[in-house]
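Counting convention: from 1, in listed order, for ligands and their atoms alike.
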Amino acid sequence: MKEAAKEIKEGKFVVALTGAGISAESGIPDFRSKNGLWSKYDINEYGYLDSFLRNPKKVWKMIADMISSFGKSNPNAAHYTLAEMEKMHILKAVITQNIDNLHQEAGSKNVVELHGNYRRLTCMSCRKKYGIEEISLEMLPPRCKCNGIIKPDIVFFGETLPKDALIKAFDLINKCDVMLVIGTSCVVSPAAELPVIAKQNGATIIEINMEDSMISHIVDYKLQGKAGEILPKLLNEIKNLL
Ligand code: NAD
């Protein structure tokens with residue numbers, strides 16, 4: 001922990017990559033755990049863009065379930081610590097795979113969302129944009145004034161990632177000399193490749209996870225445990241060095 005804190009303090013460009021695990025302590029289960037979304041909804045039936053296009057009403061039931069769990073959740077100590085690190089100019093940006101908006105709610109400003117955000121939606125016919133508060137979930141799927149089906153701006157399997165977010169993420173990764181990888185199993189590409197690229201560029205990789213991930217074998221420091229417990233301790237160590 002002390003050595004990792006020193007690397008962060010001495011880092012010139014520190015970036016974090018986060019996944020579903022950082023929001024677990026906010027009460028949002030990751031997708032692959034025992035109580036995760038994929039234990040309730042078959043990934044093949046609900047997780048693909050094709051599934052949505054084939055049967056939007058059915059897939060919207062899962063989305064509505066997800067939205068209700070996001071709506072009841074608040075940021076936890078891990079989200080707040082990253083926001084504080086950004087305010088202290090220790091952390092440049094958070095690249096997140098999460099769609100739950102909790103980094104922004106905790107106060108992080110520079111957030112790159114690789115997989116979108118559930119609070120933004122688009123009509124699939126006329127491309128009109130909606131905010132989540134403008135949508136009624138009483139009749140599924142929600143429809144636009146033009147009668148087109150509304151889809152949340154979240155990335156389904158089989159869908160390309162938002163181009164702007166990808167460009168920003170690769171730019172940050174190419175600049176970073178220290179990378180925090182928090183609460184992600186690193187199985188979903190291209191997010192999973194980002195720590196590998198950073199490592200190849202010579203960056204120090206610090207992983208915070210309760211378990212091993214697909215990139216654990218390449219990391220320089222592994223801080224095992226809950227992100228909401230480890231990150232505040234890590235920041236205290238950094239503060240001791242200032
Ligand atoms: P994942 O479910 O594949 O892996 C979660 C990882 O977090 C695991 O390695 C697990 O060991 C770790 N973890 C669990 N609880 C933790 C904790 N308290 N502290 C630290 N680590 C913890 O998640 P992923 O790698 O992000 O990939 C899943 C995909 O599903 C992503 O694309 C993401 O968009 C999406 N997703 C998003 C949310 C959300 O927005 N909150 C929730 C579920 C899934």
Side-chain angles (χ1 to χ4, degrees), residues 1 4 16-43 46-49 62-63 65-82 94-106 108 111-120 132 152-162 165-166 169 179-196 205-219 221-234:
M1 176 84 78
L17 171 70
T18 65
I22 197 167
S23 296
E25 290 157 81
S26 294
I28 302 173
D30 60 31
F31 281 2
R32 289 175 183 76
S33 68
K34 211 167 76 212
N35 300 316
L37 209 63
W38 301 139
S39 68
K40 218 161 143 193
Y41 300 97
D42 183 341
I43 186 169
Y46 290 85
Y48 287 79
L49 180 63
M62 174 198 74
I63 298 168
D65 197 357
M66 206 167 72
I67 288 175
S68 121
S69 102
F70 289 168
K72 288 184 213 133
S73 304
N74 294 307
N76 65 56
H79 298 102
Y80 285 118
T81 303
L82 291 182
V94 176
I95 303 168
T96 188
Q97 299 166 80
N98 295 345
I99 54 172
D100 57 26
N101 205 49
L102 291 183
H103 285 300
Q104 290 90 333
E105 284 174 38
S108 284
V111 183
V112 177
E113 293 172 319
L114 289 176
H115 296 163
N117 186 313
Y118 83 100
R119 300 188 60 81
R120 299 188 298 265
I132 190 75
D153 293 353
I154 57 176
V155 176
F156 282 82
F157 290 108
E159 211 173 355
T160 50
L161 269 61
L166 259 187
M179 183 177 189
L180 289 158
V181 182
I182 308 160
T184 171
S185 57
C186 287
V187 294
V188 181
S189 284
E193 271 108 60
L194 297 177
V196 180
I205 314 291
I206 301 165
E207 179 172 53
I208 300 174
N209 200 312
M210 302 211 305
E211 292 166 16
D212 273 350
S213 74
M214 294 300 278
I215 57 122
S216 294
H217 62 289
I218 65 154
V219 307
Y221 298 92
K222 172 75 188 268
L223 305 177
Q224 190 152 5
K226 292 184 175 177
E229 292 171 9
I230 302 264
L231 270 167
K233 284 185 193 156
L234 188 61

If we only count N/O pairs under 3.5 Å, is A20 in contact with ligand 1?
-> yes

Within 4.0 Å of some non-hydrogen atom of G19, the atoms of ligand 1 are 26 (O)

If you scan protein heavy atoms around atom 30 (O) of ligand 1, the nearest is F31 CD2, 3.2 Å

Atoms of ligand 1 under 4.0 Å from any heavy atom of S23, numbered from 1 in the order shown, are 41 (N)

For residues 179-192, please give each side-chain donor-acceptor pair under 3.5 Å, one per line with the distance, not counting sequence neighbours.
from	atom 1	to	atom 2	distance (Å)
T184	OG1	Q97	NE2	2.9
T184	OG1	C186	N	3.1
S189	OG	E193	OE2	2.6

_Less than 4.0 angstrom from a charged side-chain N to a carboxylate O is my criterion; do R120 and E113 meet it?_
yes

Contacts of Y46 meeting ring pair (Phe, Tyr, Trp, His ring centres under 6.0 Å) (sequence neighbours excluded), chain-then-number -> Y41

Check your understanding: Any sub-3.5 Å donor-acceptor pair from K226's side-chain atoms to G21's backbone N or O?
Key -> no

Atom 39 (C) of ligand 1 sits nearest the protein heavy atom D100 OD2, 3.5 Å

Within 4.0 Å of some non-hydrogen atom of G183, the atoms of ligand 1 are 5 (C), 6 (C), 7 (O), 21 (N)

In terms of its nearest heavy atom to atom 22 (C) of ligand 1, the top option of G27, A78, G21 is G21

**Q.** Sub-4.0 Å heavy-atom approach of G228 to ligand 1
**A.** no

When distances are taken from atom 28 (C) of ligand 1, the protein heavy atom at minimum range is R32 NH1, 3.3 Å

closest protein heavy atom to atom 2 (O) of ligand 1 is D30 CB, 3.1 Å

When every non-hydrogen atom of P195 is compared with those of I205, the smallest separation belongs to O-CD1, 3.7 Å

(Q) F70 versus ligand 1: do any nitrogen or oxygen atoms come within less than 3.5 Å of each other? (A) no

If we ignore hydrogens and angles and just use 3.5 Å, is the side chain of E25 paired with the main-chain N or O of G228 as donor and acceptor? yes

for atom 18 (N) of ligand 1, nearest protein heavy atom and its distance come out as E25 OE2, 2.9 Å

Near T184 (heavy-atom distance under 4.0 Å), the atoms of ligand 1 are 6 (C), 7 (O), 9 (O), 24 (P), 25 (O)

Exercise for review: State whether the shortest distance between N or O atoms of I99 and N or O atoms of ligand 1 falls below 3.5 angstrom.
Suggested key: yes

task: Give a yes or no answer on whether the side chain of E159 reaches the backbone of F156 with a donor-acceptor pair at less than 3.5 Å.
output: yes

Atom 19 (N) of ligand 1: closest protein heavy atom, distance to 0.1 Å, is A227 N, 2.9 Å

**Asked** For ligand 1, is G225 a contact, meaning one of its heavy atoms is under 4.0 Å away?
**Response** yes

Of all heavy-atom pairs linking I28 and S73, the shortest is CG1-OG, 3.3 Å

| Counting distance only, does the side-chain N/O of N98 pair as donor-acceptor with the main-chain N or O of D100 below 3.5 Å? | no

Heavy-atom proximity to atom 10 (C) of ligand 1 ranks first, among D212, N209, V188, for N209

shortest atom 33 (C) of ligand 1-to-protein heavy-atom contact is with Q97 O, 3.1 Å

closest protein heavy atom to atom 1 (P) of ligand 1 is S185 OG, 3.6 Å

Among T18, I230, N98, the residue with a heavy atom nearest to atom 37 (C) of ligand 1 is N98

Candidates M214, M66, H115; heavy atom nearest atom 32 (O) of ligand 1 found on H115

With heavy atoms and a 4.0 Å threshold, my read on which part of P29 contacts ligand 1 is backbone

Margin query: Does M1, at its CE atom, have more than 12 non-hydrogen atoms belonging to other residues, nucleotides or ligands within less than 6.0 Å?
Written below: yes

